[in-house]
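Inspection log for the structure reproduced underneath, given as structure tokens.
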2 protein chains.
Amino acid sequence: MAARGRPRTFDPDTALRQALELFWERGYEGTSLKDLADAMGIASASIYACFGSKEELFRKVMALYGATSGEPPRRALREQPTARAAIHAMLRATADEITRPGAPHYCMLILAAPTGAVENHAIREFLAGLRHDQFTAIGDRLARGVADGDLAAPSAGLDAVARYYTTVVQGLSVQARDGATRAELEEIITCAMAAWGALTSAPSHI
Amino acid sequence: MAARGRPRTFDPDTALRQALELFWERGYEGTSLKDLADAMGIASASIYACFGSKEELFRKVMALYGATSGEPPRRALREQPTARAAIHAMLRATADEITRPGAPHYCMLILAAPTGAVENHAIREFLAGLRHDQFTAIGDRLARGVADGDLAAPSAGLDAVARYYTTVVQGLSVQARDGATRAELEEIITCAMAAWGALTSAPSHI
DNA sequence: TCCTTTATTTATCGAACGACAAACAAGCCG
DNA sequence: CGGCTTGTTTGTCGTTCGATAAATAAAGGA
């Protein structure tokens, strides 16, 4: 418990946030250890001592990212009363996050490392796993809607609808990256939600 | 006209196709000149002599990519008789291309270089421009539908609908990258087209 | 034939890459 | 204090990066 040895001269949480900023700006392979060390204000050897390696640092960065930027969409899915409202609010929360002033306009899960050198295959798998979690969360929320009675089992299949809205989330990220405004994302979301009525047969009293 | 000097010992078109394969597998930054030279069967100096630089080679690769993989979706937009059929066929042609056996399952315009090092900004801008062309082509096709009388001007706005279907195309690429099958992409497309009726008010006799 | 032109080979450039070893510094504990 | 533990600094490891200069090779034209 007691602090043995020489104390750290930097705050790991602060350094992690600075690493997040840089990885977010440039993606995984586009960010070098020298860039990171400069931005974090420490030597690269301290990165290894504190965080393990570039890859482990990135994984910790993504944990922070998920706990911050990922929370509003997750909360929307969790707290909205109906499946339809949850999906709609999740899309809007996503749009908020990927057009936030002062941060890069895209979702790191989707665009931080979609392709790259062979030796970074593990990172791509890691991100693909997180994307699969997104899909699962959406599918689970739809299933809850069925259980709650606010959503009739869609004729298209729950998985198909979940995959569709996952696709919209992922497409939104590319749109934001290409400079789409929050208002333009809202229009896209309106279009995407226009499919809801045809996809589902929600009881009319909801 | 006459072939002056020592003739080339390799076929630039073949070499370009081999470069396309490698860039497609690994993205722009993930592919090194050594990788390219090995795959193309020539020395890196010959790449510079024939193609200029890594960046110029990539631009030529993308021209080839657009002329081959890009053609079926473009043809769908061009040749289908109504806007609705054109959008639907374009989405299905896209799905065909990004699940083609023997090729990576994603669209290079979207995922070959969405993020990266600062010095490769020009490449990202280049790809962003090609993505904008996609959006424009979709918007133009919708406008033609209005002119042809098979599509009433959508209340949501033509641009919004065009941006929506562009978003779906881009999301499909991430889905394919994550292992979605052609059948699963078809389900997504069905969901995306389910919005059409609500977005537009096509004359019922079409 | 020899000159010009173009292509290929070979070798290498300086810089940056991720990663780490060794030496030094700063705290607690006995 | 003197040892122990931990963090930081410094320097450098071997590799790879994109890019090119110089030397060699193979064709046509005079």
Side-chain angles (χ1 to χ4, degrees), chain A residues 1-16 18-19 22-23 25-61 112-113 115-124 126, chain B residues 1-16 18-19 22-23 25-61 112-113 115-124 126:
Chain A
M1 159 139 324
R4 299 285 299 265
R6 175 175 175 171
R8 266 205 198 91
T9 57
F10 65 93
D11 174 22
D13 290 342
T14 302
L16 203 61
Q18 289 159 337
L22 212 61
F23 274 128
E25 276 177 20
R26 308 182 185 180
Y28 179 73
E29 291 192 0
T31 308
S32 76
L33 271 181
K34 180 183 187 316
D35 296 335
L36 287 165
D38 291 349
M40 298 163 85
I42 58 181
S44 73
S46 294
I47 294 181
Y48 280 86
C50 184
F51 300 104
S53 66
K54 184 186 179 184
E55 178 174 335
E56 286 185 52
L57 172 62
F58 183 75
R59 289 172 188 264
K60 283 161 183 157
V61 156
T115 57
V118 178
E119 64 262 30
N120 294 319
H121 178 72
I123 286 290
R124 290 191 291 280
F126 169 65
Chain B
M1 162 140 320
R4 298 285 301 269
R6 174 176 176 172
R8 265 206 197 87
T9 58
F10 65 95
D11 175 21
D13 290 342
T14 303
L16 203 61
Q18 290 159 333
L22 211 61
F23 273 129
E25 276 178 20
R26 308 182 185 181
Y28 179 72
E29 292 193 0
T31 309
S32 75
L33 272 180
K34 180 183 187 318
D35 297 335
L36 287 164
D38 290 349
M40 297 164 85
I42 58 181
S44 72
S46 294
I47 295 181
Y48 280 85
C50 184
F51 299 104
S53 66
K54 184 186 180 185
E55 179 173 332
E56 285 185 51
L57 172 62
F58 183 75
R59 289 172 188 265
K60 284 162 184 156
V61 157
T115 58
V118 178
E119 63 263 30
N120 294 319
H121 178 72
I123 285 290
R124 290 191 293 280
F126 169 66

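Residue numbers start from 1 in every chain, and the chains themselves are labelled A, B, ... in the order their sequence lines are given, proteins ahead of strands. Keep in mind the model is a prediction, meaning the values are calculated, not measured.
- In this structure, B:Glu29 places its CD atom 15 Å from P of C:dA16, rounding to the nearest Å.
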Side-chain donor-acceptor distances from residues 34-47 of chain B under 3.5 Å, at least two apart:
unit_1: B:Lys34; atom_1: NZ; unit_2: B:Asp38; atom_2: OD2; d: 2.8
unit_1: B:Asp35; atom_1: OD1; unit_2: B:Ser32; atom_2: OG; d: 3.4
unit_1: B:Asp35; atom_1: OD2; unit_2: B:Arg26; atom_2: NH1; d: 3.0
unit_1: B:Asp35; atom_1: OD2; unit_2: B:Ser32; atom_2: N; d: 3.2
unit_1: B:Asp35; atom_1: OD2; unit_2: B:Ser32; atom_2: OG; d: 3.0

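- Taking atom CZ of B:Phe51 as the reference point, atom C1' of D:dT20 lies 18 Å away to the nearest angstrom.
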Donor-acceptor pairs under 3.5 Å, side chain of residues 9-16 of chain A to any protein atom, not counting sequence neighbours: which ones?
unit_1: A:Asp11; atom_1: OD1; unit_2: A:Asp13; atom_2: N; d: 3.2
unit_1: A:Asp11; atom_1: OD2; unit_2: A:Thr14; atom_2: N; d: 3.4
unit_1: A:Asp11; atom_1: OD2; unit_2: A:Thr14; atom_2: OG1; d: 2.7

Contacts under 3.5 Å, N or O only, protein and nucleotides 14-17 of chain D:
unit_1: D:dC17; atom_1: OP1; unit_2: B:Ser32; atom_2: OG; d: 3.0

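- The two residues B:Lys54 and B:Leu33 come nearest to each other via the heavy atoms CB-CD2, 4.3 Å.
- Contacts between residues 36-45 of chain A and DNA chain C, counted as heavy-atom distances below 4.0 Å, involve A:Ser44, A:Ala45.
- Residue pairs meeting the ring-ring contact (aromatic ring centres under 6.0 Å, His included) criterion with at least one member in residues 28-49 of chain A, sequence neighbours excluded: A:Phe23-A:Tyr28, A:Tyr28-A:Phe58.
- For A:Glu55, the salt bridge (charged side-chain N to carboxylate O under 4.0 Å, His left out) criterion is met by A:Arg59, not counting sequence neighbours.
- For B:Glu29, the side-chain hydrogen bond (donor to acceptor under 3.5 Å, both in side chains) criterion is met by B:Asn120, not counting sequence neighbours.
- Scanning all heavy atoms of the two residues, the minimum distance from B:Ala113 to B:Ile123 falls at CB-CG2, 4.1 Å.
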Protein-nucleic acid N or O pairs under 3.5 Å, nucleotides 5-7 of chain D:
unit_1: D:dT6; atom_1: O2; unit_2: A:Arg6; atom_2: N; d: 3.2
unit_1: D:dG7; atom_1: O4'; unit_2: A:Arg6; atom_2: O; d: 3.2
unit_1: D:dG7; atom_1: N2; unit_2: A:Arg6; atom_2: NH1; d: 3.1

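- Rounded to whole Å, the distance from CD on A:Glu55 to C1' on C:dA19 is 14 Å.
- Considering only residues two or more places apart in sequence or on other chains, A:Ala49 meets the side chain to side chain contact (heavy atoms under 4.5 Å, CB included) condition with none of them.
- Taking atom OH of A:Tyr48 as the reference point, atom P of C:dA22 lies 17 Å away to the nearest angstrom.
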